[in-house]
Amino acid sequence: MQAMKVRRAGRAVLAACAAAAMTAALAQTSAVDEIAKYRAALQDGNPAELWEARGEDLWKAPRGPKNVSFVTCDLGQGPGVVKGTYAQLPRYFADADRVMDLETRLVYCMVTQQGYTQPDAMKGPFGGPGNKSDIEALVAYVTSQSRGVKMNVPLAHPKEKEAFALGEKMFVYRGGTHDFSCATCHAEDGKRIRLQDLPNLMTVAGAQKAYTTWPAYRVSQGELRTFQWRLNDCFRQQRFPELIFTSDASIALTMYLARNANGAAFDAPAIKR
Amino acid sequence: MRKHFLLWGCAGVIAVAMVGCATAQSDVDVSRQAAAVLKSSFKANGQAGLDRLDQDETQRLCTQYANKALPKDVAEMIEKLNTASIKWPADGKWLGDWKNGERIAQEGRGKQFSDDPKGPVGGNCYACHQLTPQEVSYGTIGPSLYQFAKLRGYTDETRKYAYGKIWNADAYSACSNMPRFGHSQILTEQQIKDLVALLTDPDSPVNK
Amino acid sequence: MNSRRRNFLQTGGGMTLLTMLAATGWLTPRDAAAADGWNAAAFDTKSMDDTMKALGGGTPVPSKAITFVQTPDIAENGAVVPVGITSTIPNTQSIAILIEKNPNMLAAVFDIPAGTDPSISTRVKMGQSSNIVALVKADGKYYYAAKEVKVTLGGCGG
Amino acid sequence: MADPMRIRATVAGDSTEVKVLMSHEMETGQRKDAQGKTIPAWFIQSVTATYNGKTVMSAQWGPAVAKNPFLAFKFKGGAKGEKVQITWTDNRGDKRTDEAVIS
């Protein structure tokens, strides 16, 4: 009851609040403009290129106990085809009877063709100082070969439909100490966290802008980060436990977001804060 | 003849009901399956155990009604449930130290699996709100709180509202985006008082 | 002390910049570091006192002929701050980047041989909001320009 | 061994623009690891660019240059098909030289 009264009182001063916010907004405009300049200055010379080059070498080199390269790996368009494949992932793979994103497919090829054990293939999905991730480099290379290609993720197979539907539900799942879901930050237009723009991933435009600019070189970390990393780190900040690399939930969410991005030209590896 | 007609009519009604049921059922099924797949897709890390995926009543209802209009009765139920959870200060004092409040508002760490469990836990208010005009790096998920008490008055009523809202935002607005800082034991009572001071102390830069 | 240093910079007083210049230890590479000619002493100055001890070189004067290009007023992240410096002072020999509030002030020195444009672009780290000083040596004399760059906090996890 | 640099050299009019990305940690020596131990400094100290055997740029760097460093500069001259060579040396004595054909 008391609370309700306070709420009403709060509304009465709303207009005054808006006026105050406008004064503060003036200073804000210049801050946002300057951040835009900062981002523009970084575009020329993206260290992601270093990962792409390393990834290309890794893709072509014989590897693993069986000493074979990825040239026999089928990313969906036939063995060894790289160009344009990322724009059509995740997708259902009959040989594995599973919907797979790029990272999951790379691990699959490492195990089935190159002879790695599953745990070895899953090792080091995310690099850090002094330990470079082969997966991140491979992803950088493969994704770079879809630059400019229109996103065209299929939703034909029942398992593709299922993954999409599950991803859609997971997106709004609230949990953890802070009650956060993906939608807490990514379901409204024009919002920011600190000075970082938050894409509204529930709209086509928002999903397109966000999904087509991952992977990205993160200047805050000095690393190239993949979409698997993006999801893992969002959940970390949501105060959830740790999302398992290539888990079903990670693929379902990727499917949901990638499919929503259909029609937009893929434009990564990018560079971000 | 007449009997037949009735029979068919009934069957029709039942069929429609079943179709309706089937869609509703499948939506619930997908939600259930999504929750189950989520739970098998995470591993405990540091202070973040798998129990963090278990939803309380508020989280469950807010997930269920995400993307839909929240029915009035459900909203009222959630607000009532959460209002009851607010622990008002035993000493009746609202104001802590606004300078500490500013530090808590800036601090983004706490409760993440990557955080030291003994390390600082903040409110990270600037992630979503504008507060002091000096900090240009603020988010806009929540409303601007600049001049919070200057506009509302430096009254007990304003302070009680700020305290209660920080303790449990869902008591005021069901399925709020704002964490329930007191209820979920993210911040201590003293930290919340420090934040109330940041918002409602006349000396706080928020009110300049 | 920090604020004093800042005041000197803002008023263009010679004192601080003189010590900064000394900090660069530009004149003679005197340390046998891993890389040939790398001046360990120059890159190790942490405080005013250290730099006071190493006085040397001329007093730099402010110059409008030194400009910052592609250097934003606000950096979204201090780990990577783009800095571009162009000098139109005739016979520019070197361009140095100093970051006032970093633990070590000197970030980089670029020697500009004849035939190379007196203009460089790179990226530096900044621990916090600070003045960036562009120090130019031309015809044996020293000139400078300063620009404040604000470093913001970002993201959700701090 | 360190990864190769990415070097782009393009001639326009009478000068050549060179843009370089280097793969390096550029560890400051001021950061601590999870156990609280200081991570030792590890950074590029010198960079030299040559064209036709002539030095067109040389630099001394401290650890305040950003990780995976970027450098851009311009020199007079240069012709398509000729090479620009860049060498860096870090504080551990590691060295790397790469070259790029001017386009």
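Because the structure is predicted, anything quoted here is derived from the model rather than measured.
Contact of A/Phe171 with chain B is not made at all, since no heavy-atom distance falls under 4.5 Å. Both the backbone and the side chain of B/Leu50 come within contact range of chain A, each with at least one heavy atom under 4.5 Å from a heavy atom of that chain. For A/Ser181, no part lies near chain B; criterion is any non-hydrogen pair under 4.5 Å. Neither the backbone nor the side chain of B/Asp51 has a heavy atom closer than 4.5 Å to any heavy atom of chain A. Residue contact with chain B, scored on non-hydrogen atoms closer than 4.5 Å, involves the side chain of A/Glu162 exclusively. Residue A/Leu198 touches chain B through its side chain alone, counting heavy-atom pairs closer than 4.5 Å.
Put simply, the side chain of B/Thr63 gets close to the backbone of A/Arg174: a donor and an acceptor are under 3.5 Å apart. Side chain of A/Gln238 to main chain of B/Gln112: no donor-acceptor pair is present (N/O by atom type, distance under 3.5 Å, no hydrogens or angles). No side-chain donor-acceptor contact under 3.5 Å links A/Arg192 to the backbone of B/Ile141. Counting only distance, with no hydrogens or angles, the side chain of B/Lys43 and the backbone of A/Ile244 share no donor-acceptor pair below 3.5 Å.
Residues A/Asp248 and B/Ser41 share a closest heavy-atom pair of N-OG, 3.6 Å. Contact record, B/Gln106 with A/Arg194: OE1-NH2, 3.0 Å, taken as the closest heavy-atom pair. Among all heavy-atom pairs drawn from B/Ala48 and A/Phe240, the shortest one is CB-O, 3.7 Å. Among all heavy-atom pairs drawn from B/Val136 and A/Ala31, the shortest one is CB-CB, 4.3 Å.
With contacts defined as side-chain heavy-atom distances shorter than 4.5 Å, the pair A/Phe180/B/Pro179 qualifies. Using a 4.5 Å heavy-atom threshold, the side chains of B/Asp27 and A/Lys169 count as touching. Between B/Thr58 and A/Asp179 there is no side-chain heavy-atom pair separated by less than 4.5 Å. Looking at heavy atoms from C-beta onward, B/Asn67 lies in side-chain contact with A/Met202 at the 4.5 angstrom threshold.
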side-chain contact (heavy atoms from CB on, under 4.5 Å) between B/Phe42 and A/Glu242, intermediate numbers included: CA-CA 5 Å; B/Phe42 282 80; A/Glu242 186 174 359; 5.6 Å; no
Verdict with reasoning, B/Gln55 to A/Tyr173, per side-chain contact (heavy atoms from CB on, under 4.5 Å): CA-CA 9 Å; B/Gln55 295 178 315; A/Tyr173 188 91; 3.3 Å; yes
Pair A/His178-B/Met178, side-chain contact (heavy atoms from CB on, under 4.5 Å): steps then yes or no: CA-CA 8 Å; A/His178 286 53; B/Met178 183 164 152; over 6 Å; no
A/Thr177 vs B/Gln185, side-chain contact (heavy atoms from CB on, under 4.5 Å): CA-CA, chis, key distance, verdict: CA-CA 8 Å; A/Thr177 51; B/Gln185 297 175 16; over 6 Å; no
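With values rounded to the nearest 0.5 angstrom, B/Asn45 atom CG is found 10.0 Å from A/Arg236 atom CZ. Atom CD1 of A/Ile193 and atom OH of B/Tyr126 lie 15.0 Å apart (nearest 0.5 Å). The CD atom of A/Gln196 sits 6.0 Å away from the OG atom of B/Ser137 when rounded to the nearest 0.5 Å.
Contact count versus chain B (heavy atoms, under 4.5 Å) is highest, among A/Cys185, A/Gly190, A/Gly175, A/Ala187, for A/Gly175. In terms of heavy-atom pairs under 4.5 angstrom with chain A, the leader among B/Pro143, B/Ala66, B/Ser31 is B/Ser31. Counting heavy-atom pairs under 4.5 Å between each of B/Ala44, B/Ala34, B/Ser176 and chain A puts B/Ala34 at the top. Interface remark: of the candidates B/Lys39, B/His183, B/Arg180, B/Arg180 forms the most heavy-atom pairs closer than 4.5 Å to chain A.
For B/Lys72, the NZ atom sits in a loose shell: 12 or fewer heavy atoms of surrounding residues, nucleotides or ligands are nearer than 6.0 Å.
In this structure, B/Arg52 fails the cation-pi test against A/Phe235, since its NZ or CZ atom is not both closer than 6.0 Å to the six-membered ring centre and inside 45 degrees of the ring normal.
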